[in-house]
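Chain naming here is simple, since letters A, B, ... match the order of the sequence lines and numbering starts at 1 in each.
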Number of protein chains: 2
Amino acid sequence: MQTITWNQQVVKRNNKSLVLQTIIEKEPVSRADIAQITGLNKATVSSLVNDILEENLIFESGPGESSGGRRPVLLHFNKTAGYAIGIDIGVNYVLSMLTDLKGNILIEKNQPIKNVAFDAVTDVVSEMIRSLILEMPKSSYGAVGIGIGVPGIVDKQGTVLFAPNLNWSNISLKQHIEEEFKLPVLIENEANAGAYGEKQLGAGQSFQDIIYVSAGIGIGAGIILNGELYQGKNGYSGELGHVIIQANGKKCSCGSQGCWEVYASENALLEMAPQQDATLESLVALAEQNDPEAIALFEKIGVSIGIGVNNIINAFNPEQVIIGNRLVVAKQWLEGPILETIQTHTLPFHQKEVQLQFSQLSVYSAALGVSAFVVENFIRDGITVL
Amino acid sequence: MQTITWNQQVVKRNNKSLVLQTIIEKEPVSRADIAQITGLNKATVSSLVNDILEENLIFESGPGESSGGRRPVLLHFNKTAGYAIGIDIGVNYVLSMLTDLKGNILIEKNQPIKNVAFDAVTDVVSEMIRSLILEMPKSSYGAVGIGIGVPGIVDKQGTVLFAPNLNWSNISLKQHIEEEFKLPVLIENEANAGAYGEKQLGAGQSFQDIIYVSAGIGIGAGIILNGELYQGKNGYSGELGHVIIQANGKKCSCGSQGCWEVYASENALLEMAPQQDATLESLVALAEQNDPEAIALFEKIGVSIGIGVNNIINAFNPEQVIIGNRLVVAKQWLEGPILETIQTHTLPFHQKEVQLQFSQLSVYSAALGVSAFVVENFIRDGITVL
DNA sequence: TAAGTTTGTATATTGACCAAACTAAGTTTA
DNA sequence: TAAACTTAGTTTGGTCAATATACAAACTTA
């Protein structure tokens, strides 16, 4: 039995976290506002705010507007008290960025890669991290951590168990990067990272139960339930791409048959295209010129995506389904068929009120997601330590 | 923002709950043991135990064995401090039971019903509750609540939105029963109730992430994540029976096509049977006499169940999948095909370590589940009130 | 200018857990 | 068989965080 005992330190830690979270979400805000919002006593808020001020995570600014009495001292989140590094390892690129503690991008680097071997990729990653740290502005806490999104199955220890498109298996990526930079490192599946990014900074900010569908070369999903990323027993939930939507259907690279991603991914699209050298971009270009064949192709993929989304809605009863990753560029032709498929298939009660949206952060979802994760850990641990 | 502030009362409530939970799980147990297990100070435990003693939820028994010093006073959970009523409304029966606070069945009543109209069913339910309360032994708290499992979609307010097999829609069942008996009432979907029953009292006791598949006339599922029932935004998650496993497949009563339950439920079985008047029981009887046709039929259903279970494992990465409800009687012929389907389809990493089991509580899963739910609420609220 | 309002701080109190001393009731050992 | 040791549980006094209350500071309004 994993038991947690409760004592005054826990109380203080949680209240402090609550106060800081309130400042982050509502800044600029006065002590009096915080007391009103949280229900904590004015004196308690005052004391906690002073603690956080000493930690440099917030700062005071000149007095705000009076509402008939003494003017309030406004509190702001010190979003440049430190910086987070977010990295998205794709199949043919590495995207890295430096963000402040609110997820604003300060520096962004994107490097195409051809050699996906582990050593080659980590060389690129390491070099990028080094240069980001060099270019980073001075701050109280410096780099607070490194987050990395990977297109594959990652366990809770940060080991990449299997990344078919990179040809990786059983790679202790977290340990490797941690040893080099002596900073907290966090590895996440690309879809989970994207889900978290959209939840914190993109389309999902006002929802608690979200399924993020990463529709790229394959299909993955990030599952956010009750506002938190659900990871499954071992951390590898969300392989929705390998849900069977056609029993005894087409062979899938995973060894199974009829998997969703065989019908609804970028790979599926390219395989169905009549042109030998079709790419997602070339098909989009054709569709933009009203090429009926290309449009029909996208619509077919849209229906297949819709089938899978139907399954998601019936299974999870989420508030929101977000479609992300590469296929978002074809939103224009996909959205209609997806919606129509849902309308004709999904249970009416489940359909009602569910939001279907496309990614708001486009190619940045995953990198911003891991970066936001890093920030969250930093803030939680910072507060814990005291 | 729904904020929770932390103070000493919260600390005490949680620690008290922790102590009581420890006693329930480990009884008989001494104060010293509890201090050791929970990490709380001996003095704190003593004080909390005395509080709980006053509430009559536990009692002391004669001293236990010495381990080289003073003999401990053993503490026991007072499982007869009150009783819970659990009811399972089926399509052609109402099963009701009185349980003690540990989920032991004291009285059990089962009544077949023909008329599924709301009024007729609630008359039966009310009559059963009345007689259970009359037969209930004397106790400190009496009947602590009523739980009802229903084969349909239930929202978080206890309204039965839609129960196709009962022909019910939009029925405020909770309100109705609450008004009659002035007791806390709780309504749950039958699959959710079954999942909770197996988790607390049956096959799932040592697991945290469990999917319970209720394979009966239709298919439903209860989803337990991180040890808690996941209900979705509106409380109607788990309609896994309407996940599409065959795009453009057979028509389903829900209006969609190719739903899992069209291929893997009791209804699917009976539809495929050559006999006009086949029932699940008659087919089991045939299979027991080694009738090859009947056995082949079950095996076919088994493969279809396996497809859906594959989808569950890939999507949720659970620790355990439990198959429950009526089809469990055919376990002997279903288990092989299900396992084989998983082995040939499910992602290897996800397959590893996942447990496939059949219900341990047989027909009692749902009724025991709601009853356990009632007990949990009683204990939590009792402790809250002080 | 005086009265009323709002913000934020200071002080004393409350109540929870905890450490340590203590009482109670055994076992072990010489 | 008595002294030494062990273990269980209670009592006492202390600490810490939140709170209620009073109050000072700063502003608005009539």
Side-chain angles (χ1 to χ4, degrees), chain A residues 3-20 22-23 26 28-54 58-76 383-384 386, chain B residues 3-19 22-23 26-54 58-76 383-384 386:
Chain A
T3 59
I4 299 159
T5 63
W6 303 76
N7 53 35
Q8 292 178 98
Q9 288 83 286
V10 176
V11 169
K12 179 161 185 185
R13 198 161 69 222
N14 280 290
N15 282 336
K16 203 161 142 190
S17 169
L18 179 61
V19 168
L20 179 54
T22 306
I23 296 172
K26 315 259 179 179
V29 75
S30 70
R31 289 168 173 80
D33 292 337
I34 297 173
Q36 219 256 305
I37 294 170
T38 59
L40 289 168
N41 187 280
K42 285 196 298 173
T44 309
V45 170
S46 234
S47 148
L48 294 175
V49 161
N50 287 337
D51 276 17
I52 306 176
L53 273 171
E54 271 179 26
I58 58 174
F59 61 89
E60 296 180 324
S61 74
E65 286 294 291
S66 160
S67 57
R70 171 172 166 183
R71 293 165 67 189
V73 176
L74 294 182
L75 299 168
H76 302 257
I383 281 200
T384 306
L386 269 191
Chain B
T3 58
I4 300 158
T5 62
W6 302 77
N7 52 35
Q8 293 178 97
Q9 289 83 287
V10 177
V11 169
K12 178 162 186 183
R13 197 161 70 222
N14 279 290
N15 283 336
K16 203 161 143 189
S17 169
L18 179 61
V19 168
T22 306
I23 296 172
K26 316 260 179 178
E27 65 169 330
V29 74
S30 71
R31 289 167 173 80
D33 292 337
I34 296 172
Q36 220 255 305
I37 293 170
T38 60
L40 290 167
N41 186 280
K42 284 197 298 174
T44 309
V45 170
S46 235
S47 149
L48 294 175
V49 162
N50 287 337
D51 276 17
I52 307 176
L53 273 170
E54 272 178 26
I58 58 174
F59 60 89
E60 296 180 324
S61 74
E65 286 295 291
S66 160
S67 58
R70 171 173 166 181
R71 293 164 69 187
V73 177
L74 294 182
L75 300 168
H76 303 257
I383 280 202
T384 305
L386 268 191

Handout entry: 5′-ward residue of the pair A:Asn41/B:Thr44 relative to DNA chain C
Key =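 Nearest-nucleotide comparison on DNA chain C picks A:Asn41.
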Practice task
Find out whether B:Val29 and B:Gln36 are in side-chain contact, i.e. whether some heavy atom of one side chain is under 4.5 Å from a heavy atom of the other.
Solution key: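 No, side chains not in contact.
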Handout entry: Heavy-atom check, side chain of A:Ile23 versus side chain of A:His76, under 4.5 Å
Key =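 Of all side-chain heavy-atom pairs linking A:His76 with A:Ile23, none is under 4.5 Å.
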Taking [atom1] from [X] and [atom2] from [N], how many angstroms apart are they, rounded to a whole number?
X	N	atom1	atom2	value
A:Glu65	D:dT29	CD	P	11 Å
B:Leu18	C:dA16	CG	P	16 Å
A:Gln8	C:dT14	CD	P	16 Å
A:Leu74	C:dG8	CG	P	8 Å
B:Lys12	C:dC18	NZ	P	13 Å
B:Asp51	D:dG9	CG	C1'	16 Å
A:Arg13	D:dA18	CZ	C1'	17 Å
A:Asn50	D:dA17	CG	P	14 Å

Problem - All pairs passing salt bridge (charged side-chain N to carboxylate O under 4.0 Å, His left out) where residues 61-75 of chain B contributes a residue, at least two apart - result: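 Passing the test, one end in residues 61-75 of chain B: no pairs.
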Using a cut-off of under 3.5 Å, enumerate the N/O to N/O pairs linking the protein to nucleotides 3-7 of chain C.
from	atom 1	to	atom 2	distance (Å)
C:dG4	N2	A:Gly68	O	3.4
C:dT5	O4'	A:Gly68	O	3.4
C:dT5	O2	A:Gly68	O	3.4
C:dT6	O2	A:Arg70	N	2.9
C:dT7	O2	A:Arg70	NH1	2.7

Handout entry: Under 3.5 Å donor-acceptor, B:Thr22 side chain and B:Leu18 backbone
Key =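 Pair found, side chain donor or acceptor close to backbone of B:Leu18.
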Exercise for the section: Look only at the side chain of A:Asp51 and the backbone of A:Leu48, and say whether a donor-acceptor pair between them is shorter than 3.5 Å. Expected result: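 No, because the side chain of A:Asp51 does not come within donor-acceptor range (under 3.5 Å) of the backbone of A:Leu48.
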Problem - Nearest atoms (heavy-atom pairs only) where B:Arg31 meets B:Leu53 - result: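 The pair with the smallest heavy-atom distance is NH2-CD1, 3.7 Å.
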Exercise for the section: Would you tell me if any nitrogen or oxygen in the side chain of B:Asn15 comes within less than 4.0 Å of OP1 or OP2 on C:dA16? Expected result: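 Result: no.
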Exercise for the section: Go through the side-chain N and O atoms of A:Asp33 and A:Ser30 and say whether any donor and acceptor fall under 3.5 Å apart. Expected result: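 The answer is yes; a qualifying pair exists.
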Handout entry: For D:dA25, the Watson-Crick or wobble counterpart (both distances under 3.5 Å)
Key =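 Pair assignment: D:dA25 / C:dT6.
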